[in-house]
Undergrad: 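The structure is given below, and queries will be raised subsequently.
In this chain, residues are counted from 1 in sequence order. Side chains included, hydrogens not; waters and symmetry mates left out as well; all remaining heavy atoms used.
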Amino acid sequence: MTGLIAFREIVLKVHSRCDLACDHCYVYEHADQSWRARPKVISPEVIAQTASRLAEHARTHALPSVTVILHGGEPLLAGPGRLRLVCEEFTRALDGVAALDLRMHTNGLQLSPRYLDLFAEFGVSVSVSLDGDRAANDRHRRFADGRTSHPLVLAAVDLLRTEPYRHLYQGLLCTIDVANDPVAVLDALVELAPPRVDFLLPHATWQTPPVRPDDAPDAYARWLLRIFDHWEHRGRPVPVRLFDSLFSTLAGGPSLTESLGLAPTDLVVVETDGNLEQVDSLKSAFEGAAATGFNVFDHAFDLVAAHPGVRARQLGLAGVSGTCRRCPVVRSCGGGLYTHRYKADPADPSGAGTAGDFDNPSVYCTDLRELVDGVEGRTSARASAPELTDPAELAGSQEQLTRDLLALLNDRRTGDSDWERAWAVLGAVERAGQAGADALDAVLAHPFTRTWVMACLDPAARDRPDAPQAARRLTALAAAAVLRGGLDLPAEVVYRDGEVYLPTLGLLRLGEPGTDGRATLHAADGGYAVREEGRPEHRFGPVAGDARWQPVRTWSPAPDAAPVALEDLDPHRNCFARPPRLRLGAAEAGEWRERLDAAWALLHASVPEFARAAATGLTTLTPLAGGPRARGWGEAGRHGPGALGLPYAAGVAETALALLTGRRRAGLQALTEVTDLYALDGEWQHPSPWRERPVPVSRLLADVHERVAVEAYRRATAAAEPGGLDRINRALDRLSGAAELTSTGKRLVEQLRWELKAVDA
């Protein structure tokens, strides 16, 4: 049974009849009429066996929680006694196995304090079906004799909203009818202050398509977008799951509803007779469409999970039609609800159907495309990550990411006393006013702090959280923050091989090579001092020349620019594709600064806009061994925000190109670390103008992001390659239709188009 999904949700049919005669009900009015042969009410034996099967399933798959939805027909018709038995049996069976989330979907007509007291006892949350105002609700939700149900439903919701029942109120379920006034529908639902509203497309298939006034293929999209606009105008007064799901998928997250998105289904239905079925909406397709042939008495839930019909809905992108796989909104719409894809075989006029008949787009395909595009078009500017356009936001998010990762590392420590003392020093620095906060920000923003943290978090790494190397680096980090802030705090460092590197400051030799030890560092008269047991205090740093102290060198790309560290000391700078050079001599450092000055001047003269962008966020340059490679492009460090590796032996032109391309790479990498530019990377492969084989969207986007800058530089320096602009445009066209891109990713592609237009101009 390997590879099977676990059912985290079951729909338990506790009563198979209803006290309303809704003409849009899929249970009674659509193709599958199996309800006629089922018991009206679930038996105690089915209840007990289902609870036992669910507990067995939860135990087998180590599920932390399971959800049981009491359904029908109308579940309240089962009566309080039978519903109490359901609650008791499932609570008993799941006790100590998994948390139990009990819910109910009801029309509300029978709701009364005797039911709600029972639900309060067992924590049963309640969702009520209501299609809007009275005119909307009466269109379908009537009694068999035609009487309205609306006043009774409102009374039920009013009761549910009162204390002590308010906490049981889960939301309202509204089936869409495009003949209703969408504004009036939303206003009526909002007036009832639901915790959530679910708008549901009426179940339909290609055999029984939905009602479409004037045959408009997008009638449901237009109705929902009017709801959306009014909802936005009112300030989003209640959560709407359909819209929240679109917000999530457009930002790269998961779907929040079964009716949209590519997430696999994890639901099984238990009928009143104990038969196990697939999702209930399949009853709209054909007689027996939901059947599995299994029941709770003879079969475990895992057998249902292996059923071909269930497996078909676990395939994600591979489970939708070829048309859908080529559609740019498929991540959000997911091909629509599985039921809505059904189309009978033309050679089978009876419509008996097979699983293959679901290999189609949804009967609501045009609506779904218009809805996704409409919501994205209305919200993309607000929904896009601010880090895309605001360097300060990007820097802040990067710093917060480092802090979060460092906190995670601290949580995984194993009681090392050196680590704990250093962590306490960092806390004291952070509490030491603005000077301490600034100093801590500086050492955490050091690119190779992140590199070290990520190495420690790597389970295969040598610097594990419980390893001495991790504690040594943390003591040095804390000491560097103390010294930078000029704080009156002692900071003990643990050194190895006679030396300790203080991030952002420099390398201090405290003993002979091969010796290990401890020393206490503190700020002293504008400089730094070190105390070691049995030795006099020793001054080092800015105010005292000292052969034992090697400070981090800096370079300024412009007179008014912040200095950039020329980092050739940090042992964690080895995060580039090629090894770093060893410590530069004074003359070598001077020569490198001159080449950097000349390269920077060349960039500003040829591509000033790109040069200014390249300077933003650059904090650290590391000299790399060897000369320029074939393309001469720079290298962004792994997990080193703000760092760039440049070949030390490169000439001025190669260094300029390496600065430009390296910063483009580093900028895109920094974005992808704190924002979602795409999702499901690798599910699709895209042709690339620069590579022989198709590539995932991440590679194509990275290539385009670099090539735009390279094309600008080559045109400005009269070295443009024939067809370069055309290749970039083809790649941008491909990206524009890529289903993987989020709203932020699409805005980045738009920015690249504008950059390219400026280059072409």
Undergrad: Flag the pair Tyr648 / Glu591 as yes when at least one side-chain heavy-atom distance between them is below 4.5 Å, and no otherwise.
TA: yes

Undergrad: Apply side chain to side chain contact (heavy atoms under 4.5 Å, CB included) to Leu603 and Trp600, showing your working.
TA: CA-CA 5 Å; Leu603 283 181; Trp600 206 253; 4.2 Å; yes

Undergrad: Work out which heavy atom in Leu409 is nearest to a heavy atom in Cys456; give both atom names and the distance.
TA: CD1-CB, 3.6 Å

Undergrad: Looking at side-chain heavy atoms only, is the closest gap between Leu505 and Pro551 below 4.5 Å?
TA: no

Undergrad: Partners of Arg664 by salt bridge (charged side-chain N to carboxylate O under 4.0 Å, His left out), sequence neighbours excluded?
TA: Glu755

Undergrad: Could you check Asp703, Asp681, Leu668 and say which one makes a side-chain contact (heavy atoms from CB on, under 4.5 Å) with Ser698?
TA: Asp681

Undergrad: Aromatic rings Phe247 and Trp231: how do their planes relate, parallel, tilted or perpendicular, breaks at 30° and 60°?
TA: parallel

Undergrad: Output all residues satisfying salt bridge (charged side-chain N to carboxylate O under 4.0 Å, His left out) with Arg727, sequence neighbours left out; order by chain, then residue number.
TA: Glu721

Undergrad: Please determine whether salt bridge (Lys or Arg N to Asp or Glu O under 4.0 Å) holds for the pair Arg665 and Glu706, giving the CA-CA distance in whole Å, both sets of side-chain angles, and the decisive distance to 0.1 Å.
TA: CA-CA 7 Å; Arg665 289 183 177 187; Glu706 292 174 358; 2.5 Å; yes

Undergrad: Under a 3.5 Å distance rule, please check whether Thr744 uses its side chain to pair with a backbone N or O of Ala385 as donor and acceptor.
TA: yes

Undergrad: Minimum heavy-atom separation for Gly737 to Pro328, with atom names?
TA: O-CB, 3.6 Å

Undergrad: Would you call Arg715 and Val607 a side-chain contact if the rule is heavy atoms closer than 4.5 Å?
TA: no

Undergrad: Tell me whether Arg663 contacts the main-chain N or O of Leu660 through its side chain, where contact means a donor paired with an acceptor under 3.5 Å.
TA: no

Undergrad: Check the side chains of Gln751 and His705 for a donor-acceptor pair under 3.5 angstrom, ignoring hydrogens and angles.
TA: no

Undergrad: Which value, rounded to the nearest 0.5 Å, describes the distance between His572 atom NE2 and Glu567 atom CD?
TA: 11.5 Å

Undergrad: Ala643 and Ala666: which non-hydrogen atoms are nearest, and at how many Å?
TA: O-CB, 4.3 Å

Undergrad: At what distance, to the nearest 0.5 angstrom, does CZ of Arg496 lie from CG of Leu510?
TA: 15.0 Å

Undergrad: Could you walk me through whether Ser332 and Leu250 pass the side chain to side chain contact (heavy atoms under 4.5 Å, CB included) check?
TA: CA-CA 7 Å; Ser332 289; Leu250 289 171; 3.7 Å; yes

Undergrad: For the residue pair Thr451 and Gly640, what are the closest heavy atoms and their distance?
TA: OG1-CA, 4.0 Å

Undergrad: Can we say Asp418 and Arg421 salt-bridge, meaning some charged N sits less than 4.0 Å from an Asp/Glu carboxylate O?
TA: yes

Undergrad: Find the distance between CG (Leu582) and CD (Glu588) and round it off to the nearest 0.5 Å.
TA: 10.0 Å

Undergrad: Between Asp570 and Trp452, do the side chains contain an N or O donor and an N or O acceptor separated by less than 3.5 Å?
TA: no

Undergrad: Look only at the side chain of Ser688 and the backbone of Trp690, and say whether a donor-acceptor pair between them is shorter than 3.5 Å.
TA: yes

Undergrad: Please tabulate, for side-chain N and O atoms in residues 474-483, each donor-acceptor pair with protein atoms closer than 3.5 Å (sequence neighbours left out).
TA:
| from | atom 1 | to | atom 2 | distance (Å) |
| --- | --- | --- | --- | --- |
| Thr475 | OG1 | Arg472 | O | 2.7 |
| Thr475 | OG1 | Val494 | N | 3.3 |

Undergrad: Is there a side-chain contact between Arg450 and Glu673 in this structure, where contact means two heavy atoms from C-beta onward sitting under 4.5 Å apart?
TA: yes

Undergrad: Between Asp373 and Arg369, does at least one N-O distance fall below 4.0 Å, as a salt bridge requires?
TA: yes

Undergrad: Output yes when a side-chain donor or acceptor of Thr402 lies under 3.5 Å from a complementary backbone atom of Gln398, and no otherwise.
TA: yes

Undergrad: Report yes or no: is the cationic atom of Arg473 (NZ for Lys, CZ for Arg) under 6.0 Å from the centre of the six-membered ring of Phe448, at an angle within 45° of the ring normal?
TA: no

Undergrad: Suppose we screen for side-chain contact (heavy atoms from CB on, under 4.5 Å). Which residues come up paired with Ala679, at least two apart in sequence or across chains?
TA: Arg331

Undergrad: Would Arg595 and Glu654 count as a salt bridge (Lys or Arg N to Asp or Glu O under 4.0 Å) if you check the C-alpha gap in whole Å, the side-chain angles of each, and the deciding distance to 0.1 Å?
TA: CA-CA 10 Å; Arg595 287 199 297 276; Glu654 293 91 348; over 6 Å; no

Undergrad: Evaluate the criterion side chain to side chain contact (heavy atoms under 4.5 Å, CB included) for residue pair Asp229 and His233; output intermediate values, then yes/no.
TA: CA-CA 6 Å; Asp229 291 339; His233 177 71; over 6 Å; no

Undergrad: Please report the closest heavy-atom contact between Ala424 and Arg431, naming both atoms and the distance.
TA: O-NH2, 4.5 Å

Undergrad: Under a 3.5 Å threshold, yes or no: a donor from one side chain and an acceptor from the other, between Ser255 and Ser245?
TA: yes

Undergrad: Answer whether the closest heavy-atom distance between the side chains of Ile728 and Glu711 falls below 4.5 Å.
TA: yes

Undergrad: Any donor-acceptor pair under 3.5 Å linking the side chain of Ser743 with the backbone of Ser380?
TA: no

Undergrad: Under the criterion side chain to side chain donor-acceptor pair (under 3.5 Å), which of Glu750, Arg753, Lys746 is the partner of Ser736?
TA: Arg753

Undergrad: With Glu683, which residues qualify under salt bridge (charged side-chain N to carboxylate O under 4.0 Å, His left out), at least two apart?
TA: none

Undergrad: Got a donor-acceptor contact below 3.5 angstrom from the Thr742 side chain to the Gly745 backbone?
TA: yes

Undergrad: To the nearest 0.5 angstrom, please state how far the CZ atom of Arg714 sits from the CG atom of Leu657.
TA: 6.5 Å

Undergrad: Can you tell if the side chain of Leu644 reaches within under 4.5 Å of the side chain of Leu646, non-hydrogen atoms only?
TA: yes

Undergrad: Less than 4.5 Å apart, any side-chain heavy atom of Leu394 and any of Val674?
TA: yes

Undergrad: Of all heavy-atom pairs between Leu487 and Ala435, which one has the smallest distance, and what is that distance?
TA: CD2-CB, 4.5 Å

Undergrad: As a quick check of understanding, evaluate side chain to side chain contact (heavy atoms under 4.5 Å, CB included) for Val564 and Thr554, giving each step before the final call.
TA: CA-CA 5 Å; Val564 174; Thr554 61; over 6 Å; no

Undergrad: Please confirm whether the backbone N or O of Gly374 pairs with a side-chain atom of Arg378, one donor and one acceptor, at under 3.5 Å?
TA: yes

Undergrad: When you look at Asp726 and Arg730, which way does the salt bridge (Lys or Arg N to Asp or Glu O under 4.0 Å) test go after all the steps?
TA: CA-CA 6 Å; Asp726 179 62; Arg730 293 205 314 271; 2.7 Å; yes

Undergrad: Is the Phe610 to Tyr713 ring centre distance short of 6.0 Å?
TA: no

Undergrad: Apply salt bridge (charged side-chain N to carboxylate O under 4.0 Å, His left out) to Asp676 and list each qualifying residue two or more places apart in sequence or on a separate chain.
TA: none

Undergrad: For a 4.5 angstrom cut-off between non-hydrogen side-chain atoms, does Gln550 reach Arg509?
TA: no

Undergrad: Answer yes or no: is there a donor N or O on one side and an acceptor on the other, between the side chain of Glu499 and the main chain of Tyr501, under 3.5 Å?
TA: no

Undergrad: Could you go through the salt bridge (Lys or Arg N to Asp or Glu O under 4.0 Å) check for Asp568 and Arg553 one step at a time?
TA: CA-CA 8 Å; Asp568 56 357; Arg553 300 186 180 100; 3.3 Å; yes

Undergrad: At what distance, to the nearest 0.5 angstrom, does CG of Leu752 lie from CG of Asn729?
TA: 11.0 Å

